[in-house]
Each structure stands twice: as structure tokens, then as C-alpha cells.
Amino acid sequence: MRNDSPKSGFATRAIHHGYDPLDYHGALNPPVFLTSTYAFDRSDTGSARFAGAAQGYVYSRVGNPTASVLESRIAALEEGEAALATSSGMGALTAVLWTLLNAGDEIIADKTLYGCTFSLLRHHIQRFGVAVRFVDLTDPAALPAALSSKTRVVLTETPANPNMRVVDIAACAEICRRAGCLLVVDNTYCTPYLQRPLSLGADLVVHSATKYLGGHGDLLAGIVVGSKAHIEQLRFIGVKELNGACISAIDAFLVLRGLKTLSLRMERHCQTARRLASDLEAAPQVARVDYPGLDSHPQRALAGRQMKAFGGMIALELKGGLAAGRAFMDALKLATRAVSLGDAETLVQHPASMTHATYDSEERLRHGFTDGLIRLSVGLEDYEDLRDDLLGALARIAR
Ligand SMILES: *Cc1c(COP(=O)(O)O)cnc(C)c1O
């Protein structure tokens, strides 16, 4: 039985790729292999597997059959050769950076990043002799001047967490290719349903699968996708020997379950977010809305070329700044005050005091977001209910 082919559409691959029920007694869903280790028929087999001369599992920090289904499925969706599943998005990111970088190397990173990624680069990785430069990659022309012979990795998110700046992946990829360094794109905000960085020339894609890929706020996981050679290196050095951040079989199963509805969920997230972004922009209490699908977004055209739709994340700033933003969050009745994103529930948080408290206030301004910024992860509830909640809260705080 063969469920999908290379020509199958996205939703078909998200449901079927990499798993044949007839291999497992017809079980529609892949078994959850709760095992840490794997028996060898003979000692020779074990030695050959350790030497890489024979295929097969040896220990679940290095590979697990449930995780393998997830890895092959995500690789197919991102149009990459191979993938490595990890215990979290930060596990994916550290596997990449700690494997690829040596003391003396440099990283160039876009100036707005998820808070813990920023903190890793701003406060910690220097201890290992790696230098970091933060550059505004929304202007790819700024990249060549920042590159040096020591630059090994260029890292960006797009749209960037939390302020929705959009980076031209193809333009950056071309500059990196000529300079001989690797472009790593954190594709968490988009998922492969909306944007496929490898097809635009990036070398590696990382994800927090905790967010849209899982989609239900019930797991932590990460993924890296890229060439077979890179993924082998990340698996056998990055996760096996450097960070140990292997995915659990149960979490791999849960991400696979989430993937089955990824295309449906992303369509709805995008539709509702686009309508809410317009509603919020028109509200008198709102100073600014950052959403790549709005005509007011400075990179609206680029986002339209690079993304299939504009995503489910919105950033907004109220006219009353931080105090008004906090009052707004407290006045919401349906949207839940919580960090994370990409869940069925609409989540609202305050980056400056929560996810991005790793930036000090001067850094926040320099890196492009204010203390008053509010981040909204638009969920799957009815649009009308969300609209009433958001506009109702704005009206209540204005009184
Ligand atoms: C959440 C997030 C991460 C970190 O992922 P975890 O699964 O929480 O470790 C990395 N990048 C982005 C863009 C994120 O939103």
C-alpha cells in the first residue's frame, strides 16, 4: 500500500507521508515506541550499527521509529532531504549552533528574534568563543558589509517574533551562498504550509514544533530540516553528544497527530487573523498594528511573494502605550493571557515583560519593538467572538 507520492499535495503528505499502516498490522496511526534501547540479533550487528556500516536503531537518543515517521513527514513538507526531531525548539536551535560553530567563528543574526534565541546569542554563546553580530536583515543589502571570513551562520526568523518584520529569504540565501556561509531560518511562525525556506535557498530550517506544527498546546518539540549530510551531523554530534535534546516518542506521535490538520488550521488562523488585524487597525484606541497582510505593513509585497498567506500572529501597540496594553490584556474575556503561540486557543501576551524580557529596554528599542507592544496568537475560535472580545476590551478601557 502506498498512500502518497512525490506529486501529492501538501495536505495529503501531511496525513500520509512516511507511514504505511500495512507495515504495522494495519494500524491507522503509527505505534508509539516506548523504548530506550534496541536488541541486536548478534554482537556484530550492534558493532556495525555503531560504526554506521549498517542501518538500524541503537538507542532512542539517536533515533526512534515513531520519531522517524515524524522526521520523514516534516522533511517532505519542507521539501528538504532529511529532518531531525528534538525535544523543543531551543533543542533544535542549540543542536544546529553547537554542531556547526567553532570558537573563532561568527554568527550574523537578524536583530529581532524569539527571546530565548536572542539571549543565547546575546549572553551565552560568547563564552564558547563565538562572536555574534545583530544586523537588520529586512535590508538584505546590509548583509554583505556585515559578513567576514569568519562568518559561518546567518540566522533569521521571518516574520520575526514578536514584531512581524519580514526578511527576504531568497535575497539573503543568495548572499550567503556566494559568501560560503549557511543560512538558517526559524520557520516557526509560518510552518511549511505558508513558507518553505529551503526552496528559497536556505540551508537549514528550524522549528519550534511546540507551536503550529503540534497545534494544540499539549507538547514541546522541535525540528531541523536540511540536507542528509547536515542532518546526520546534527543527529550524531548535536543531539547524540552535545545537547541530548532528543524528542520523546509520545511527543513525536502528538506532533504527527497535529500535522494531519495543519493545512486546515493554518487556513483558519490566517483568515481570522487578517480580519482581526483590519478591525484592530481601524479601532481608535490602537496606535499601530503589525501584520504582514495589511497594506500598512512595510514589507506587504515581499510577504505576499514569500508566504502563501500572512499567518496567525499579530502585534499591536495601543495609543496609551504599556499601561493601556496591560489594561487591554486584563479586560479580555475570551483571549487567554499566556505565552506560546499556534494553539487552538487565542493567546495574548506582553513581550517586553514576558517572552522578550531577555532584551533590556534599550535593546528592545534598538532591535525594533517597544515596551507597549502586545502579541496576539489568533486561535481557531469563531471570528465574531474574537472580534467582540478584542473590540469590547478596547471600548471598556477607553471608558
Ligand atoms: C517558541 C519559539 C522557539 C523556542 O521553541 P521551544 O519549543 O519553546 O523551545 C523558537 N523560535 C520561535 C520563533 C519560537 O516562537
Could you give me the CA-CA distance, side-chain angles and deciding distance for Asp168 and Gln299, then say whether side-chain hydrogen bond (donor to acceptor under 3.5 Å, both in side chains) is met?
CA-CA 9 Å; Asp168 187 334; Gln299 292 136 323; over 6 Å; no
Derivation and outcome, salt bridge (charged side-chain N to carboxylate O under 4.0 Å, His left out), residues Asp382 and Arg387:
CA-CA 9 Å; Asp382 289 293; Arg387 177 200 58 201; over 6 Å; no
Between Ser47 and Asp44, is a side-chain hydrogen bond (donor to acceptor under 3.5 Å, both in side chains) present by the stated rule, with each step listed?
CA-CA 5 Å; Ser47 316; Asp44 282 358; 5.2 Å; no
Step by step, work out the side chain to side chain contact (heavy atoms under 4.5 Å, CB included) result for Val378 and Ile314.
CA-CA 8 Å; Val378 175; Ile314 299 173; 3.8 Å; yes
Verify side chain to side chain contact (heavy atoms under 4.5 Å, CB included) between Thr355 and Gln349, making sure each step is shown before the conclusion.
CA-CA 8 Å; Thr355 52; Gln349 68 113 359; 2.7 Å; yes
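Between Glu174 and Arg177 a salt bridge is recorded (basic side-chain N to carboxylate O distance below 4.0 Å). A salt bridge links Glu79 and Arg196; the closest N-O separation between the charged side-chain nitrogens and carboxylate oxygens is under 4.0 Å. In this structure, Glu232 does not pair ionically with Lys240, as no charged nitrogen and carboxylate oxygen lie closer than 4.0 Å.
No donor-acceptor contact under 3.5 angstrom links the side chains of Tyr57 and Asn64, judged on distance only. A side-chain donor from one of Thr94 and Asn243 sits under 3.5 Å from a side-chain acceptor of the other. Asn163 and Arg375 share no donor-acceptor pair across their side chains, judged by distance under 3.5 Å alone. With hydrogens and angles left out, the side-chain atoms of Thr112 and Glu157 include no donor and acceptor closer than 3.5 Å. Side chains of Tyr359 and Ser119: a donor-acceptor N/O pair is absent below 3.5 angstrom, by distance only. His230 and Glu81 share no side-chain donor-acceptor pair at under 3.5 Å. A donor-acceptor contact closer than 3.5 angstrom links the side chains of Lys260 and Asn29.
The six-membered or imidazole ring of His367 lies near that of Phe118, with a centre-to-centre distance under 6.0 Å. Checked against the 6.0 Å centroid criterion, the rings of Tyr24 and Tyr19 qualify as a close aromatic pair.
Leu113 is connected to Met90 through a chain of hydrophobic side-chain contacts under 4.5 Å among Ile, Leu, Val, Met, Phe, Trp and Tyr, so both are in one cluster.
When the shell of 6.0 Å around CD of Gln55 is examined, it contains 12 or fewer heavy atoms from other residues, nucleotides or ligands. By the neighbour-count criterion of 12 heavy atoms within 6.0 Å, atom NZ of Lys228 is sparsely surrounded, having that number or fewer from other residues, nucleotides or ligands. Other residues, nucleotides and ligands contribute at most 12 non-hydrogen atoms within 6.0 Å of the CD1 atom of Ile250. Open room surrounds OH on Tyr59; 12 or fewer heavy atoms of other groups in view lie less than 6.0 Å from it.
At least one side-chain heavy atom of Arg265 sits under 4.5 Å from a side-chain heavy atom of Leu380. At a threshold of 4.5 Å between non-hydrogen side-chain atoms, the residues Ser148 and Glu106 count as touching. In this structure, the side chains of Ser208 and Lys211 come closer than 4.5 Å at one or more pairs of heavy atoms. Considering only heavy atoms from C-beta on, Tyr291 stays 4.5 Å or farther from Leu276 through its side chain. Residues Leu213 and Pro192 are in side-chain contact: their nearest non-hydrogen atoms beyond the backbone lie under 4.5 Å apart. Using a 4.5 Å heavy-atom cutoff, the side chains of Leu198 and Val185 are not in contact.
Within the cation-pi definition used here (under 6.0 Å to the ring centroid, within 45° of the axis), Arg275 qualifies as a partner of Tyr383.
Between His356 and Tyr114, the angle of the ring planes goes over 60°, which puts this pair in the perpendicular group of the 30/60° scheme.
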